[in-house]
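Here is the structure we will look at, set down as structure tokens.
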Protein chains: 2
Amino acid sequence: MTTNEGLRERKRRETLQRITDAGIRLFIEKGYEATTLDEIAAAAGIARRTFFYYFKSKDEILLSLQSGMGAMLVEALKRAPGDKRPLRAIRDAVVAVCARVPADDMIVIDRLMRSSEAVQARKQASYVQQEQALFAALRERWPDPGRETGLRLVAMLAIGTIRLSLDAFNREGGSRPVAVLLHEAFDALEAEV
Amino acid sequence: MTTNEGLRERKRRETLQRITDAGIRLFIEKGYEATTLDEIAAAAGIARRTFFYYFKSKDEILLSLQSGMGAMLVEALKRAPGDKRPLRAIRDAVVAVCARVPADDMIVIDRLMRSSEAVQARKQASYVQQEQALFAALRERWPDPGRETGLRLVAMLAIGTIRLSLDAFNREGGSRPVAVLLHEAFDALEAEV
DNA sequence: AATAATATTGCACTCAGTGTAATGTTCAAG
DNA sequence: CTTGAACATTACACTGAGTGCAATATTATT
């Protein structure tokens with residue numbers, strides 16, 4: 001099925017992977033800021049200039065590892081039955097999605113991101129982007145125009161709750177599974193409002 | 001009362017103001033990215049190197065205009081009566097705070113921030129910082145240890161709702177006052193959860 | 001007036017990121 | 001199997017943000 005992949009695509013995928021691997025390895029070894037693009041390029045076996053053919057910036061190496069989740073969430077939402085309330089549908093979808101993400105990687109990436117203010121900032125920005133994507137998906141499923149504000153809030157709530165759960169997960173060093181923390185947070189949400 | 005301000009402090013305040021003014025003027029004139037620190041320094045009548053004595057980076061010029069609100073919110077919360085539910089107390093506090101911020105400035109700053117991805121990202125990060133400050137304030141006022149998760153959520157909800165309201169305000173070009181949008185959003189919040 | 005503390009500056013440097021243009025590689029069509 | 005188009009890789013030169021350091025100037029203190 002995925003075998004009809006040309007030489008070009010394969011090489012591209014491999015190079016992308018080599019850059020990412022080299023980057024993360026170096027970031028862990030000597031810190032994010034202290035690692036230069038020259039070093040990453042050298043370790044990945046490409047020219048410095050080529051790096052920018054694959055990534056827009058240094059922080060994209062880390063960001064690219066995070067951006068997948070939003071898309072998965074939107075996908076899971078589309079397949080959910082339409083009779084649930086939005087927040088319930090999201091809750092179920094996100095628990096399902098998080099089950100398929102390796103926990104150890106999450107912790108490493110999170111620690112790396114915390115080491116640079118600029119990266120940390122872009123991470124928060126990417127949450128906002130995910131929020132907007134989620135809002136767009138919600139609007140398609142519950143297209144009542146008078147509910148726009150409400151759906152924006154739901155998207156904000158959902159992404160915010162996810163963010164807090166992942167933060168708690170990392171704060172605890174991964175001692176409790178993400179799914180548990182998610183349920184805890186979503187339950188607390190209904191109690192607080 | 002504020003007259004016992006030495007020469008040093010006065011000069012510092014004035015220089016800070018000159019840098020901010022020069023920066024914003026130039027950003028509006030020729031765009032954020034296209035404005036160099038050399039130009040800002042020249043316009044503010046200081047050396048390039050001195051700029052970094054006042055600001056850690058170029059984007060701090062814009063960020064510094066935003067960071068005041070979180071502190072004001074925390075202050076207002078401290079003076080609020082303790083018998084309200086947290087979310088209600090915050091709602092009242094933020095409406096009071098926003099009344100004292102000039103609307104035109106908000107719109108200009110917002111447009112400037114949108115013109116640079118890095119600034120936009122740092123803006124979102126500053127919301128998260130405000131969220132954490134708010135959480136700390138809430139925990140002092142409602143120090144029940146079993147409610148940590150709940151208070152984190154309240155802080156997230158509150159800052160998120162504020163953010164969405166300000167976004168809506170800017171999206172509408174300032175046609176409706178912020179207070180109205182805030183009340184609308186907080187009302188919708190209770191309806192959606 | 002002397003001294004300490006803080007501000008201002010110049011200089012040289014590192015590094016991220018961009019524009020451009022040249023060269024190499026893969027692909028598709030004949 | 002060749003040829004041309006599309007894509008990939010690279011070198012080179014450049015801009016601009018941000019830092020370290022050390023010298024000088026200004027303000028505060030006693």
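Every chain is numbered from 1, with letters handed out A, B, ... down the list of sequences.
A sub-4.0 Å separation between OP1 or OP2 of D:dA8 and a side-chain N or O of A:Tyr53 is present. For D:dA8, neither phosphate oxygen OP1 nor OP2 lies less than 4.0 angstrom from any side-chain nitrogen or oxygen of A:Tyr54.
Shown are A:Arg12, A:Arg10, A:Arg13, A:Lys11; of these, the salt bridge (charged side-chain N to carboxylate O under 4.0 Å, His left out) with A:Glu5 is made only by A:Arg13.
Nearer the 5' end of DNA chain D, as judged by each residue's closest nucleotide, is the contact made by A:Arg12, out of A:Arg12 and B:Ser57.
For the residue pair B:Ser57/B:Asp59, the side-chain donor-acceptor check at 3.5 Å is satisfied.
D:dA17 atom P lies 10 Å from atom CD of B:Glu33, rounded to whole Å. One can place CD of B:Glu60 at 14 Å from C1' of D:dA17, the figure rounded to the nearest angstrom. A straight line from CD of A:Glu14 to P of D:dA8 spans 14 Å, rounded to a whole angstrom.
Judged by the 6.0 Å distance and 45° axis criteria, B:Lys58 is not positioned over the aromatic ring of B:Phe27.
Between A:Glu148 and A:Arg152 there is a salt bridge, since a side-chain N of the basic residue sits under 4.0 Å from a carboxylate O of the acidic one.
When all heavy atoms of B:Gly31 and B:Thr35 are compared, the closest pair comes out as O-OG1, 2.7 Å.
Remark: A:Gln66 CD to A:Asp110 CG distance equals 8.5 Å, nearest 0.5 Å.
Note on B:Phe51: nothing from the nucleic acid sits closer than 4.0 angstrom, heavy atoms only. Across all strands shown, A:Thr36 has heavy atoms under 4.0 Å from sugar-phosphate atoms exclusively, and none from any base.
In the helix from C:dA1-D:dT30 to C:dG30-D:dC1, the terminal helix axes, each the rotation mapping four pairs' C1' atoms onto the next four within five end pairs, subtend 20°, rounded to 10°.
Around CD of B:Glu117, the count of heavy atoms belonging to other residues, nucleotides or ligands within 6.0 Å does not exceed 12.
Residue B:Thr15 has its side chain nearest to C:dT8 when only C:dT8, D:dA8, C:dT9 are considered.
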For nucleotides 18-30 of chain C, just jot down a letter per nucleotide in 5' to 3' order: B, S or -, based on protein non-hydrogen atoms under 4.0 Å. BBB----BBS---

